[in-house]
Amino acid sequence: MSLKRFGVSLEDNLLEALDQYVMENGFANRSQAIRFLIEKNVAERKWQCDHIVAGTIIIMYDQRKKEIPLKIIDIQREYKEVILSASQYYINRDFHLHVVTVMGTAHRLTELSDKLIAIKGITHGKLVMSRAD
């Protein structure tokens, strides 16, 4: 695939944010970071549809916060038709890794993931999907 060059004008604060993003994520240059961000945006928009997909949702949280597992269970009950399995792993003395295997429409899985990741106290969360139809 051939590359095309074009100019981009950014305010100082956006350019600083881009440079920080490049550094934090180990991109070789700004162009690589911009390509990644555009591809990510295109992929995320594509998942706002009704394609059948399968995937996993991973969340990390501090096990000392006893209310988090209860909130996870409540949310999972609302989405039981798309959940294939859920597993919990002890990462260390303080942290749990919660993995939910899911299958359903991309929109529904994104909705579930957003709710789980938004729980106060979740330290990391991510949804990974692949088309299954």
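This chain uses plain numbering: 1 for the first residue, then up along the sequence. The structure presented is a predicted model; accordingly, all values stated were derived computationally and were not measured.
- Looking only at side-chain heavy atoms (C-beta outward), Met60 and Ile122 stay at 4.5 Å or farther from each other.
- By the criterion of side-chain heavy atoms lying less than 4.5 angstrom apart, applied directly or through intervening Ile, Leu, Val, Met, Phe, Trp or Tyr residues, Leu97 is not grouped with Ile75; the two fall into different hydrophobic clusters.
- At a cut-off of 3.5 Å, with distance as the only test, a side-chain donor of Glu24 or Gln20 sits close to an acceptor on the other residue.
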Exercise. Just do the side chain to side chain contact (heavy atoms under 4.5 Å, CB included) check on Val102 and Leu84 with the steps written out, would you?
Key: CA-CA 5 Å; Val102 290; Leu84 302 175; 5.9 Å; no
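- When all heavy atoms are compared, the tightest approach of Val22 to Ala33 is CG2-CB, 3.5 Å.
- Rounding to the nearest 0.5 Å gives a distance of 12.0 Å between NE2 of His51 and OG of Ser130.
- Ile58 and Ile83 are not part of a single hydrophobic cluster, where members link through side-chain heavy atoms under 4.5 Å apart.
- The minimum heavy-atom distance between Asp62 and Ile68, with the atom names listed, is O-CD1, 4.3 Å.
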Practice problem: For Leu14 and Leu18, run side chain to side chain contact (heavy atoms under 4.5 Å, CB included): C-alpha distance rounded to whole Å, both residues' side-chain angles, the deciding distance at 0.1 Å, then the answer. | Solution: CA-CA 6 Å; Leu14 283 178; Leu18 177 60; over 6 Å; no
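- Between Met129 and Thr110, some side-chain heavy-atom pair lies under the 4.5 Å cut-off.
- Looking at heavy atoms from C-beta onward, Ile72 lies in side-chain contact with Ile59 at the 4.5 angstrom threshold.
- A heavy-atom distance below 4.5 Å is not found between the side chains of Lys126 and Ile57.
- Counted by atom type alone, Ser85 and Thr101 present one or more donor-acceptor pairs between their side chains at under 3.5 Å.
- Contact check for Gln76 versus Val100: side-chain heavy atoms found under the 4.5 Å cut-off.
- Counting heavy atoms from C-beta on, the side chains of Thr105 and Arg108 come closer than 4.5 Å.
- Look at Arg77 and Asp74 and you find a salt bridge, because one of the NZ, NE, NH1 or NH2 atoms lies within 4.0 Å of a carboxylate O, short of that distance.
- Ring to ring, His96 and Tyr90 are close: their centroids are under 6.0 angstrom apart.
- Hydrophobic cluster membership differs between Ile73 and Ile117, with clusters built from Ile, Leu, Val, Met, Phe, Trp and Tyr side chains linked at under 4.5 angstrom.
- Taking hydrophobic clusters as Ile, Leu, Val, Met, Phe, Trp and Tyr residues chained together by side-chain heavy-atom distances below 4.5 Å, Ile34 shares a cluster with Leu15.
- Aromatic pair Phe95/Tyr61: centroids not less than 6.0 angstrom apart.
- Contact between Lys65 and Gly121 at its shortest, heavy atoms only, is NZ-CA, 4.3 Å.
- The CD atom of Gln63 sits 8.5 Å away from atom CG of Asn92, with the distance rounded to the nearest 0.5 Å.
- Atom CG of Asn25 has more than 12 neighbouring heavy atoms from other residues, nucleotides or ligands inside a 6.0 Å radius.
- Between Lys115 and Glu78 there is a salt bridge, since a side-chain N of the basic residue sits under 4.0 Å from a carboxylate O of the acidic one.
- The shortest side-chain heavy-atom distance between Leu37 and Tyr21 falls under the 4.5 Å cut-off.
- Considering all non-hydrogen atoms of both residues, Val53 and Ala106 come closest at CG2-CA, 3.6 Å.
- Atom OG of Ser113 and atom OH of Tyr79 lie 10.0 Å apart (nearest 0.5 Å).
- The shortest distance between side-chain heavy atoms of Tyr89 and His98 does not fall below 4.5 Å.
- Between the side chain of Gln32 and the main chain of Ala28, a donor-acceptor pair closer than 3.5 Å is present.
- The two residues Arg35 and Leu3 come nearest to each other via the heavy atoms NH1-CD2, 4.4 Å.
- The two residues Ala54 and Ala132 make their nearest non-hydrogen contact at N-CB, 3.9 Å.
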